[in-house]
Trainee: 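Sharing a structure with you now.
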Amino acid sequence: MSYTILAKDTTTAARRGRLVLPHGVVETPMFMPVGTQGSVKTLHPDDLTTLGAQIILGNTYHLSIRPGSDNIREMGGLHRFISWDKPILTDSGGFQVWSLAKLRKITEEGVRFRNHLDGAYMMLSPEKSMEIQSDLGSDIAMLFDECPPYPCERRYAETSLGYTLRWAKRCKQWIDDHQPQSGDGRQHHFGIVQGSIYADLRKRCAEELSAMDFDGYAIGGVSVGEPEEEMLKAIDNTAPYLPEEKPRYAMGLGTPPQLLEMIARGVDMFDCVMPTRLARHGIALTPDGPMHIKNNRWAKDTSPIDPESHPSIRRFSRAYVRHLFKAGEILSLRLLSFQNLEFYLRLMSQARVAIESGTFGTFKDAFLARYNSNQIQ
RNA sequence: GGGUAGGUUCCGGAGCGGCCAAACGGGGCAGACUGUAAAUCUGUUGUCUUUCGACUUCGCUGGUUCGAAUCCAGCCCUGCCCA
């Protein structure tokens, strides 16, 4: 088995695991920095290594329209192309069906897009998505799903779920036909549970996908604008029906507190644009809460943004980073991205240690109390 | 000295008799962001008031008019051209 549960928490459903992938071993719970276009925005791959990133994301939709997945395959695959030799997870493009909704048409066959670059028509189907991800050579390929919007009426959610389940079967068929190998060295495939806010649909989807025996399972249809309460409910309505011995991945989430809440519910993997996007928008994440570095109150603050962070960011004062940001200097975006990812990855590292010692519950409460107090000195 | 263009709210810059506390851009202040069409987007930016509204403001002084940032006169100051 490529996934091993190493420890379980005593008072929550948190798990400490290890996932063996073609390009390396990743320890869970873990956070995956998002590198949609083959780059975690503003950061050098060596920065990611310094930060302890174990795996990053790439995106099927974006990479297939530019520079083209066939080109990437001919150049030796995504890892070589972007010079990153650790694991990569590729999203299937299903999310772009949702986020670029104005330009799409969904049919049984798949989704017909007009891409956002030159408006050219493009078809994404279960088979096509799997083929692109195979060309990219990612360690984990996500199944091609239909991500319903929020809010979503029952009727639409059912129809949408039908696509997701039938498309999952076709993805499975494509995998069996094209990638018959077994073992940790082959590309892994994760199913995606949809069902919107409807508990019975979530359960049904989780059970049907589980029966198809994928390498891991994702909880999708979250991070689409729903309130936090609905998001956690979707986790609660899904996680219990997923196989215990497979990794669970909450897609597109979340805030630091949300991450801990989901780990406590048995989720192992996360990805989110939040740390890097907030960085580019002038917000630093710290153990004491988010910090609008552009605010006037930091103008003369010579202390570091986060005294507990990595030395290479700790050496700069809040006043300096603020100055760089306000002056439009690119360095500020890099420094803040570095800080925010450092913070996310540190949080995951601390969570792993806490689970191993069976104290995740108290760790979580302490973290939340401090983070939510938002008392940055 | 002669000619000419102009002086507008933090800056640039529109406005050229009422719809003007004054477009737009920048800057300032604050906010939003959750499988990245995002180094993006939103709000706010004369004073007082919770709202209605009141008050002060378009170089200065005076005038014309029911009404002036806008018209007239004088003055002050800047840029450019000629001596």
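Atom set for the values below is all heavy atoms of this structure, side chains included, hydrogens, waters and symmetry mates excluded. Letters go in sequence order (proteins before strands), and every chain restarts at 1. Note that the structure is a prediction, hence the values are computed from the model and not measured.
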Trainee: What's Asp271(A) touching, base or sugar-phosphate or nothing? Going by heavy atoms closer than 4.0 Å.
Mentor: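 Counting heavy atoms under 4.0 Å across all strands, the contact made by Asp271(A) is with sugar-phosphate only.
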
Trainee: Can you tell me if Arg370(A) uses its side chain to pair, donor with acceptor, with the backbone of Ala366(A) under 3.5 Å?
Mentor: no

Trainee: Applying a 4.0 Å non-hydrogen cut-off, can you work out what Leu89(A) is touching in the nucleic acid: base, sugar-phosphate, or nothing?
Mentor: nothing

Trainee: In whole angstrom, what separates Asp91(A)'s CG from rU36(B)'s C1'?
Mentor: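 So the CG-C1' distance, Asp91(A) to rU36(B), works out to 11 Å.
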
Trainee: Are Lys246(A) and Tyr217(A) in a cation-pi setup, meaning NZ or CZ lies under 6.0 angstrom from the ring centre and within 45 degrees of the ring axis?
Mentor: no

Trainee: If I pick the C1' atom on rG28(B) and the same atom on rA37(B), what distance separates them, to the nearest angstrom?
Mentor: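 Nearest-Å result for rA37(B) against rG28(B) at atom C1': 30 Å.
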
Trainee: Please check this pair: side chain of Gln179(A) against backbone of Asp176(A), looking for a donor-acceptor N/O pair closer than 3.5 Å.
Mentor: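 Side chain of Gln179(A) to backbone of Asp176(A), a donor-acceptor pair under 3.5 Å: no, none is there.
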
Trainee: Which residues pass the side chain to side chain donor-acceptor pair (under 3.5 Å) test with Thr12(A), not counting sequence neighbours?
Mentor: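 Applying side chain to side chain donor-acceptor pair (under 3.5 Å) to Thr12(A) gives Asp9(A).
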
Trainee: Specify the separation, in whole Å, of atom CD of Glu229(A) and atom C1' of rU34(B).
Mentor: 17 Å

Trainee: Please name the residue in the list Lys86(A), His79(A), Gln187(A), Arg186(A) that meets the side-chain hydrogen bond (donor to acceptor under 3.5 Å, both in side chains) test with Asp139(A).
Mentor: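 Only match with Asp139(A) under side-chain hydrogen bond (donor to acceptor under 3.5 Å, both in side chains): His79(A).
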
Trainee: Are there any protein N/O atoms within less than 3.5 Å of an N/O atom in nucleotides 37-41 of chain B, and if so, which ones and at what distance?
Mentor:
from: rA37(B); atom 1: OP2; to: Ser99(A); atom 2: OG; distance (Å): 2.8
from: rA37(B); atom 1: O5'; to: His62(A); atom 2: NE2; distance (Å): 3.0
from: rA37(B); atom 1: O4'; to: His116(A); atom 2: NE2; distance (Å): 3.4
from: rA38(B); atom 1: O2'; to: Arg280(A); atom 2: NH1; distance (Å): 3.1
from: rA38(B); atom 1: N7; to: Arg277(A); atom 2: NH1; distance (Å): 3.4
from: rA38(B); atom 1: N7; to: Arg277(A); atom 2: NH2; distance (Å): 2.7
from: rA39(B); atom 1: OP2; to: Arg280(A); atom 2: NH1; distance (Å): 2.4

Trainee: Find the distance Ile56(A):CD1 to rG35(B):P and express it as a whole number of Å.
Mentor: 15 Å

Trainee: Any salt bridge (Lys or Arg N to Asp or Glu O under 4.0 Å) pairs touching residues 314-326 of chain A, not counting sequence neighbours?
Mentor: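 Of all non-adjacent pairs touching residues 314-326 of chain A, those that pass salt bridge (Lys or Arg N to Asp or Glu O under 4.0 Å) are Asp301(A)-Arg318(A).
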
Trainee: Looking across every strand, which nucleic acid part, if any, lies under 4.0 Å from Glu329(A) by heavy atom: base, sugar-phosphate, or nothing?
Mentor: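 No contact.
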
Trainee: Who is the Watson-Crick or G-U wobble partner of rG1(B), with both distances under 3.5 Å?
Mentor: rC82(B)

Trainee: For RNA chain B, determine which residues of residues 339-347 of chain A have any heavy atom closer than 4.0 angstrom to one of its atoms, and list them numerically.
Mentor: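 None, since no heavy atom is under 4.0 Å.
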
Trainee: Suppose you measure atom C1' in rU57(B) against the same atom in rG46(B); what distance do you get, rounded to whole Å?
Mentor: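 Result for the C1' pair: 7 Å, nearest Å.
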
Trainee: Would you call the rings of His116(A) and His62(A) parallel, tilted or perpendicular if under 30° counts as parallel and over 60° as perpendicular?
Mentor: perpendicular

Trainee: Who pairs with Glu109(A) by salt bridge (Lys or Arg N to Asp or Glu O under 4.0 Å), at least two apart in sequence or on another chain?
Mentor: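 With sequence neighbours excluded, Glu109(A) shows a salt bridge (Lys or Arg N to Asp or Glu O under 4.0 Å) to Arg170(A), given in chain and number order.
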
Trainee: What is the nucleic acid contact for Arg104(A), judged by heavy atoms within less than 4.0 Å: base, sugar-phosphate only, or nothing?
Mentor: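 Answer is nothing: Arg104(A) stays at 4.0 Å or more from every strand.
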
Trainee: Tell me whether the OP1 or OP2 atom of rC29(B) has a side-chain N or O from His292(A) closer than 4.0 Å.
Mentor: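 Negative; the distance criterion is not met.
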
Trainee: Between residues 195-209 of chain A and RNA chain B, which residues have a heavy-atom gap below 4.0 Å?
Mentor: none

Trainee: When we call it a touch if two heavy atoms are under 4.0 Å apart, what does Asn295(A) touch: a base, just sugar-phosphate, or nothing?
Mentor: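 The answer is sugar-phosphate, as Asn295(A) gets under 4.0 Å only of primed atoms, P, OP1 or OP2.
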
Trainee: For nucleotides rG3(B) and rC75(B), find the distance between their P atoms and express it as a whole number of Å.
Mentor: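 Going atom to atom, P in each nucleotide, I get 13 Å.
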
Trainee: If only side-chain N and O atoms of Asn59(A) are considered, is one of them under 4.0 Å from the OP1 or OP2 phosphate oxygen of rU36(B)?
Mentor: yes

Trainee: Look up atom OG1 in Thr4(A) and atom CZ in Arg16(A), then write down how far apart they are to the nearest 0.5 Å.
Mentor: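 The OG1 atom of Thr4(A) sits 10.5 Å away from the CZ atom of Arg16(A).
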
Trainee: What integer number of Å spans the C1' atoms of rU61(B) and rU51(B)?
Mentor: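 Between the two C1' atoms, the distance is 39 Å.
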
Trainee: For rC10(B) versus rG27(B), give the span between their C1' atoms, rounded off to a whole number of Å.
Mentor: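 That atom pair is separated by 7 Å.
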
Trainee: Tell me, which of residues 234-251 of chain A have any heavy atom that sits under 4.0 Å from an atom in RNA chain B?
Mentor: Met251(A)

Trainee: Going by the angle between their ring planes, with limits at 30° and 60°, are Trp167(A) and Tyr163(A) parallel, tilted or perpendicular?
Mentor: tilted

Trainee: Return the pairing partner of rG12(B) with a 3.5 Å limit on both distances, Watson-Crick or G-U wobble; otherwise return none.
Mentor: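 When the pairing criteria are applied, rC24(B) turns out to be the nucleotide that pairs with rG12(B).
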
Trainee: Using the C1' atom as the point on both nucleotides, what is the distance between rC52(B) and rG62(B), in whole Å?
Mentor: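 Result for the C1' pair: 36 Å, nearest Å.
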
Trainee: Write down the partner of rA32(B) under the Watson-Crick or G-U wobble criteria, each distance required to be under 3.5 Å.
Mentor: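 rA32(B) is paired, partner rU40(B).
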
Trainee: For rC19(B), what is the paired nucleotide under Watson-Crick or G-U wobble rules, both distances under 3.5 Å?
Mentor: none

Trainee: Near RNA chain B, counting only heavy atoms under 4.0 Å, which residues of residues 138-149 of chain A show up?
Mentor: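 When residues 138-149 of chain A is checked for heavy atoms under 4.0 Å from RNA chain B, the hits, listed by number, are Asp145(A), Cys147(A).
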
Trainee: For the aromatic rings, using the six-membered ring if either is Trp, is the centroid distance between His323(A) and Phe316(A) under 6.0 Å?
Mentor: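 No, the ring centres sit 6.0 Å or more apart.
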
Trainee: Pairing donors with acceptors under 3.5 angstrom, does anything connect the side chains of Ser138(A) and Gln133(A)?
Mentor: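 No pair is found: no donor N or O on one side chain lies under 3.5 Å from an acceptor on the other.
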
Trainee: Which value, in whole Å, describes the distance between the P atoms of nucleotides rC72(B) and rC24(B)?
Mentor: 29 Å

Trainee: Starting the side chain at C-beta, find the nucleotide from rA32(B), rU34(B), rG35(B) nearest to Met274(A).
Mentor: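 For Met274(A), the side-chain atoms sit closest to rU34(B).
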
Trainee: I'd like to check the salt bridge (Lys or Arg N to Asp or Glu O under 4.0 Å) partners of Lys8(A); sequence neighbours left out, ordered by chain and number.
Mentor: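 In terms of salt bridge (Lys or Arg N to Asp or Glu O under 4.0 Å), with neighbours along the sequence ignored, Lys8(A) is linked to Glu244(A).
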
Trainee: Pairs under 3.5 angstrom only: tabulate donor-acceptor contacts from the side chains of residues 91-101 of chain A to other protein residues two or more places apart or in another chain.
Mentor:
from: Ser92(A); atom 1: OG; to: Gly94(A); atom 2: N; distance (Å): 3.2
from: Ser92(A); atom 1: OG; to: Leu143(A); atom 2: O; distance (Å): 3.0
from: Gln96(A); atom 1: OE1; to: Asn59(A); atom 2: ND2; distance (Å): 3.0

Trainee: Of all of residues 252-268 of chain A, which get a heavy atom below 4.0 angstrom from RNA chain B, listed by number?
Mentor: Gly252(A), Leu253(A), Gly254(A), Thr255(A), Gln258(A)

Trainee: Give none if rA73(B) has no partner; otherwise give the nucleotide forming a Watson-Crick or G-U wobble pair with it, both distances under 3.5 Å.
Mentor: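 Matched rA73(B) with rU61(B) under the 3.5 Å cut-off.
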
Trainee: With distance as the sole criterion, is a donor-acceptor pair present between the side chains of Tyr249(A) and Asp271(A) under 3.5 Å?
Mentor: yes

Trainee: Salt bridge (Lys or Arg N to Asp or Glu O under 4.0 Å) with Glu158(A): which residues, sequence neighbours excluded?
Mentor: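 Only Arg154(A) meet the salt bridge (Lys or Arg N to Asp or Glu O under 4.0 Å) criterion with Glu158(A).
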
Trainee: Looking for any heavy atom pair under 4.0 Å, which part of the strands does Thr42(A) touch: base, sugar-phosphate only, or nothing?
Mentor: nothing

Trainee: Indicate if Met274(A) and Leu345(A) have the same hydrophobic cluster label, given that clusters are the connected sets of ILVMFWY residues with side-chain heavy-atom separations under 4.5 angstrom.
Mentor: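 Result: yes, single cluster for both.
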
Trainee: With respect to the side chain of Ile192(A), which nucleotide from rG35(B), rC33(B), rU36(B) is positioned closest?
Mentor: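 Nearest to the side chain of Ile192(A) among the choices is rG35(B).
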
Trainee: For atom C1', what is the distance between rU8(B) and rA68(B), given to the nearest Å?
Mentor: 14 Å

Trainee: Compute the centroid of each ring, for Phe270(A) and then for Tyr344(A), and state whether the two points are separated by less than 6.0 Å.
Mentor: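 No, too far apart.
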
Trainee: Is the closest basic N to carboxylate O distance between Arg352(A) and Glu356(A) below 4.0 Å?
Mentor: no

Trainee: Between atom CG in Leu43(A) and atom C1' in rU36(B), what is the gap in whole Å?
Mentor: 14 Å

Trainee: Quick one: does any side-chain atom of His292(A) pair with a main-chain N or O of Gly282(A) as donor and acceptor, under 3.5 Å?
Mentor: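 Such a contact is absent between His292(A) side chain and Gly282(A) backbone.
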
